[in-house]
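Each remark here refers to the structure printed beneath this line.
Residue numbers begin at 1 in each chain, while the letters A, B, ... track the order of the sequences. Side chains included, hydrogens not; waters and symmetry mates left out as well; all remaining heavy atoms used. Remember, predicted model here, so these are calculated numbers, not experimental data.
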Amino acid sequence: RKEVEQDPGPFNVPEGATVAFNCTYSNSASQSFFWYRQDCRKEPKLLMSVYSSGNEDGRFTAQLNRASQYISLLIRDSKLSDSATYLCVVNNGYTGGFKTIFGAGTRLFVKA
Amino acid sequence: NAGVTQTPKFRILKIGQSMTLQCTQDMNHNYMYWYRQDPGMGLKLIYYSVGAGITDKGEVPNGYNVSRSTTEDFPLRLELAAPSQTSVYFCASSRDLQETQYFGPGTRLLVL
């Protein structure tokens with residue numbers, strides 16, 4: 001089982017749609033969680049951190065479920081500019097050696 | 001603030017050649033990282049550093065070396081280039097282990 005797994009997609013959605021991505025992780029001792037966005041041929045950039053209580057930033061909502069070991073990202077009212085690859089990132093700190101694990105990413109295409 | 005800068009942007013190497021990928025950050029971050037990203041794959045950690053003079057191996061260190069003589073610079077050295085090292089290389093930095101990583105624009109390396 002991969003340490004961090006994401007549905008690779010692609011997700012093809014019309015503008016204005018709501019889309020949700022899930023990401024599962026295998027290490028129950030994982031300490032911090034993030035969603036990054038990566039545009040084609042560009043570097044990853046932080047979209048948002050994921051907190052236990054859940055957090056929202058405009059049209060984006062992130063949730064963490066430690067019991068089931070998954071995090072989610074919800075995008076409401078999708079825009080064309082949301083088209084990108086979304087990377088789930090799990091940080092295990094120094095447990096068993098430093099590890100920040102990046103998922104392979106979920107591709108999103110938003111169509112007009 | 002330039003953030004994280006990387007040079008070169010693109011390079012073609014012949015098998016067996018050597019090169020150094022440069023990475024500099026101006027945010028006074030203690031933590032720096034080198035990743036490689038293969039098509040359709042997540043980022044894999046090559047080496048990381050928790051401060052000047054301290055480096056450690058990541059998940060895929062074979063074939064690479066690093067040094068960290070200053071807080072700002074974290075060069076990655078390929079000694080004997082192999083086709084398997086064809087990839088996109090990203091350098092990143094963060095203030096602390098659990099915090100956001102800021103990425104450079106990447107170096108695309110092709111080994112023929």
N/O donor-acceptor pair under 3.5 Å between B/S87 side chain and B/Y89 backbone: no
B/R95 atom CZ, neighbour heavy-atom count above 12 within 6.0 Å: no
Distance flag, aromatic centroids of B/F74 and B/Y47, threshold under 6.0 Å: no
Pairs of heavy atoms under 4.5 Å with chain A: top-ranked of B/G106, B/A92, B/G42: B/G42
A/Q6 versus chain B, the contacting section by heavy-atom distance below 4.5 Å: neither
Heavy-atom proximity to chain B below 4.5 Å, by part of A/R41: both
Whether A/R37 side chain and A/Y86 backbone form a donor-acceptor pair below 3.5 Å: no
Max heavy-atom pair count under 4.5 Å with chain A, selected residue of B/M41, B/E99, B/R108, B/K44: B/R108
Among A/P44, A/A104, A/S32, A/G105, residue most engaged with chain B (heavy-atom pairs, under 4.5 Å): A/P44
Candidates A/V89, A/V90, A/V4 - the one meeting side-chain contact (heavy atoms from CB on, under 4.5 Å) with A/F102: A/V89
Side chain / backbone / both / neither for B/Q37 at chain A, heavy atoms under 4.5 Å: side chain
